[in-house]
Amino acid sequence: MTPAEMRAAEAAVFAAGGDPAAAMDEAGRRLAGVVAAHHPLPGTLVLALGHGHNAGDAAVAGRHLAARGWRVCHWFADPARPLAALTRLRCDALAGTSTLVDPAAPDPAWPRPWVVLDGLVGLNARLPLDATLAAAVQAIGFLRESWQAKVVAIDLP
C-alpha cells in the first residue's frame, strides 16, 4: 500500500465516523503484539518519538508492552516541537511507565533484547529529513549497530 492509498483509506474510515483515538489505540495494541510475537521474553523497548501520530501509536504500544513486563524508555526527536494533541495524550499516559533516555548513552544493564520502536515519521514524511530527524535516525542506527537493537518502524523505515 502506498502512502497515498493509506491516507485515502484512513480518510474514508474517519469520514464514515471512525474515531482517530480508537484507531491509534488499536494500532498501538497491534504493534505491541508484533513486538511480543517476535520477542516472547520481555526486554527493553526504546521509543523513538517524533511529533505526529506515529509517536502516539508507539506510546500506546509502549504502555501495552510495559504491562507485559518490558522495560520501556523513550526520547523525543525534537523536544521543543509540540506534539499533535492526540499524541500528547498518549505520551502523557506513559508517565510512570517509561523513562526519558539519551539514545547516545544507553545503559548496558538494560535487559535484552533491545527493541527500538521507530515512531519518528509516517505518511506525511518528506525528504530530505530535517537535521533533527536525521540525527534521530542516526541515533537509531547507533543503537542497532553498536548495541544489536532490533528496529521496528511504524509506517516508514
Side-chain angles (χ1 to χ4, degrees), residues 1-40 43-68 70 72-94 97-98 100-101 103-104 113-145 147-157:
M1 179 173 270
T2 68
E5 291 168 335
M6 187 65 211
R7 278 190 291 275
E10 283 182 346
V13 167
F14 299 145
D19 177 21
M24 184 177 286
D25 291 342
E26 181 66 10
R29 184 187 67 76
R30 287 181 182 233
L31 283 164
V34 167
V35 171
H38 287 279
H39 304 283
T44 299
L45 182 71
V46 180
L47 305 175
L49 303 173
H51 67 277
H53 286 169
N54 277 9
D57 296 343
V60 172
R63 196 177 70 241
H64 283 282
L65 288 165
R68 293 181 184 201
W70 284 73
V72 179
C73 52
H74 67 278
W75 93 87
F76 293 99
D78 187 352
R81 187 168 183 179
L83 299 175
L86 183 55
T87 297
R88 166 57 54 206
L89 291 172
R90 295 309 183 262
C91 288
D92 287 349
L94 280 173
T97 300
S98 180
L100 188 63
V101 297
W114 289 5
V115 176
V116 177
L117 192 50
D118 174 353
L120 295 175
V121 297
L123 296 173
N124 294 316
R126 300 288 179 264
L127 293 175
L129 296 178
D130 65 33
T132 304
L133 283 174
V137 169
Q138 289 177 334
I140 291 171
F142 168 74
L143 291 171
R144 184 178 55 80
E145 292 170 14
W147 296 93
Q148 293 73 51
K150 304 299 180 197
V151 178
V152 178
I154 303 171
D155 287 346
L156 300 174

| message | Working to the nearest 0.5 angstrom, can you tell me the gap between Leu117 CG and Leu31 CG? | response | 6.0 Å
| message | Please determine whether a side-chain nitrogen of the Lys or Arg among Asp92 and Arg88 lies less than 4.0 Å from a carboxylate oxygen of the Asp or Glu. | response | yes
| task | Flag the pair Arg90 and Asp57 as a salt bridge only when some basic side-chain nitrogen lies within less than 4.0 angstrom of an acidic carboxylate oxygen. | result | no
| message | Looking at every non-hydrogen atom in both residues, tell me the closest pair between Leu47 and Ala59 and how far apart they are. | response | CD1-CA, 4.2 Å
| remark: Heavy-atom nearest pair, Arg68 first then Ala32, reads NH1-O, 4.1 Å
Which donor-acceptor pairs under 3.5 Å do the side chains of residues 10-20 make with protein atoms, sequence neighbours left out?
from, atom 1, to, atom 2, distance (Å)
Asp19, OD1, Ala21, N, 3.2
Asp19, OD2, Ala22, N, 3.4

| For the residue pair Leu49 and Cys91, what are the closest heavy atoms and their distance? | CD1-SG, 4.2 Å
| remark: Closest non-hydrogen atoms of Ala48 and Ile140, given as atom of the first, atom of the second and distance, are CB-CD1, 3.8 Å
| request: Return the minimal non-hydrogen interatomic distance between His53 and Leu86, and the atom names on each side. | output: NE2-CB, 4.2 Å
| Are any of the side-chain heavy atoms of Leu65 and Val115 separated by less than 4.5 Å? | no
| request: Please list, chain by chain and in numerical order, all residues satisfying side-chain hydrogen bond (donor to acceptor under 3.5 Å, both in side chains) with Gln138, sequence neighbours excluded. | output: none
| task | For the residue pair Trp70 and Pro113, establish whether any side-chain heavy-atom pair is separated by less than 4.5 Å. | result | yes
| message | Could you check whether any side-chain N or O of Asn54 sits under 3.5 Å from a backbone N or O of Leu120, counting only pairs where one atom can act as donor and the other as acceptor? | response | no
| Where Pro82 and His51 come nearest, the two heavy atoms and their spacing | O-CB, 3.6 Å
| task | Decide yes or no for Val46 and His74: does some side-chain heavy atom of the first lie under 4.5 Å from some side-chain heavy atom of the second? | result | no
| task | Indicate yes or no for a side-chain donor-acceptor contact from Thr87 to the backbone of Gly52 under 3.5 Å, with no hydrogens or angles considered. | result | yes
| query | Any side-chain heavy-atom pair from Val116 and Arg144 closer than 4.5 angstrom? | reply | no
